[in-house]
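Notes for the one structure printed next.
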2 protein chains.
Amino acid sequence: MYSKELLKGTLQVMILQLLAEQGSMYGYEIYQKVKELSDEKIILKDGSLYPALAKLHKDKLVQFKEVAVGKRKRKYYELTKQGQEQQVLGIEELKEFMATLSKVLFPNQNNYALN
Amino acid sequence: MYSKELLKGTLQVMILQLLAEQGSMYGYEIYQKVKELSDEKIILKDGSLYPALAKLHKDKLVQFKEVAVGKRKRKYYELTKQGQEQQVLGIEELKEFMATLSKVLFPNQNNYALN
DNA sequence: ATTAATACATAGAATTATGATGTATAGAAT
DNA sequence: ATTCTATACATCATAATTCTATGTATTAAT
């Protein structure tokens, strides 16, 4: 795993982005998806994930429906309108930051670029 | 400026990397270099930079020589042997993290890659 | 029957960047 | 002359975020 500090500021964007792609997900599903897409290199801790979801909800960027599956309940989250806007902004900022960081760290290379 | 959280974990790597490239720099010089390379998009705050340098020194990753310039004094920092090792590790980790993050966020694209 | 996986959550600890503030020198502008 | 800006360092309280540890409970697998 990576230094936990590197993850900072990216967790919220990751969640918003996944919800934008998938439409609706519950917490544990996000955990699994991130683990899968990252080749097991990013393992979200539940002590990080659930508070992050709670904060997104508090900030009205996501809403959820509770769904019972047997006797267990899942909270299916989806983006609010505000959340959609924030997702776009967040991804934009993150892309730019990564591009800028590349310029600082590797000034002699063809730097980071995504379309 | 970017969300300050995004910078977390990257400031130390940036400093070590610049010192590896430039050999020796003083604090304000690092501030200027980062500002220049980032097209003014990363403006280090002295409340971040000097404590970061102090921590690197405490951790024996850098050493410095005080040089008087007129009546002002500069602290010229350079990597210790330990610092050189950490610089390599830190850059490696950061590159990998950025690549992994790209995979999670943009699974359908030709992802981030630097040689 | 026990373990691992699923599914949520909270509270305290740790880390790190920021804002505010402080000291002081040097050059530029008015 | 004076004022403003840049140079050059530093500390401290605050804010933000993730982690560890802990807790509850259901379900599937061995």
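By convention in this document, chain letters (A, B, ...) are assigned in the order of the sequence lines, proteins followed by strands, and residues within each chain are numbered from 1.
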Residues touching DNA chain C, which here means a heavy atom under 4.0 Å, drawn from residues 10-23 of chain B: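 Leu11(B) - these, ordered by number, are the residues of the stretch whose heavy atoms sit under 4.0 Å from the strand.
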Give the rounded distance in Å between these two atoms: [atom1] of [X] and [atom2] of [N].
| X | N | atom1 | atom2 | value |
| --- | --- | --- | --- | --- |
| Leu7(B) | dG19(C) | CG | C1' | 15 Å |
| Glu5(A) | dA14(C) | CD | C1' | 8 Å |
| Leu44(B) | dG19(C) | CG | C1' | 15 Å |
| Ile30(B) | dA17(C) | CD1 | P | 13 Å |
| Leu49(A) | dT6(C) | CG | P | 14 Å |

Phe106(A) six-ring face occupied by Lys95(B) cation (under 6.0 Å, within 45°):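 Yes, Lys95(B) sits over the ring of Phe106(A).
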Sugar-phosphate only, base, or nothing, as touched by Lys45(B) at under 4.0 Å among non-hydrogen atoms: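 Counting heavy atoms under 4.0 Å across all strands, the contact made by Lys45(B) is with sugar-phosphate only.
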Touch class at under 4.0 angstrom, heavy-atom based, for Lys71(A) against every strand present: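 Sugar-phosphate, no base atom in range.
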Check ion pair Glu5(A)-Lys8(B) (N to O, under 4.0 angstrom):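 Looking at Lys8(B) together with Glu5(A), the answer is no, because their closest N to O distance does not fall below 4.0 Å.
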Carboxylate-amine/guanidinium contact Glu96(B) Lys41(A), below 4.0 Å: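 Yes, Glu96(B) and Lys41(A) are salt-bridged.
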Identified pairing partner of dT30(C), criterion: Watson-Crick or G-U wobble below 3.5 Å: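 dT30(C) is paired, partner dA1(D).
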Centroid-centroid under 6.0 Å between Tyr2(A) and Phe97(B) rings: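 When the ring centroids of Tyr2(A) and Phe97(B) are compared, they turn out to be within the sub-6.0 Å range.
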Test of ring centre spacing under 6.0 Å for Tyr76(B) and Tyr26(B):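 Ring-ring flag for Tyr76(B)/Tyr26(B): true, centres closer than 6.0 Å.
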Shortest side-chain distance from Lys4(B), nucleotide among dT18(D), dA15(D), dT16(C):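 So the side chain of Lys4(B) is nearest to dA15(D).
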Heavy-atom closest pair, residues Asp46(A) and Pro51(A):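 Heavy-atom minimum between the residues: O-CD, 3.5 Å.
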Minimal non-hydrogen separation, Ser102(A) against Met98(B), with atom names: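 Taking Ser102(A) first and Met98(B) second, the nearest heavy atoms are OG-CE, 3.8 Å.
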Intermediate values then yes/no, side-chain contact (heavy atoms from CB on, under 4.5 Å), Ile91(A) and Leu16(A): CA-CA 9 Å; Ile91(A) 284 288; Leu16(A) 294 178; over 6 Å; no
Under 4.0 Å protein heavy-atom contacts per nucleotide of nucleotides 1-12 of chain D, with B for base, S for backbone only and - for none: -----BBSBBB-
Side chain Lys8(A) and base dT18(D) donor-acceptor under 3.5 Å: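 Side chain to base: no pair present.
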Between Glu21(A) and Gln17(A), a side-chain donor and acceptor under 3.5 Å: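 Judged by distance alone, the side chains do pair up.
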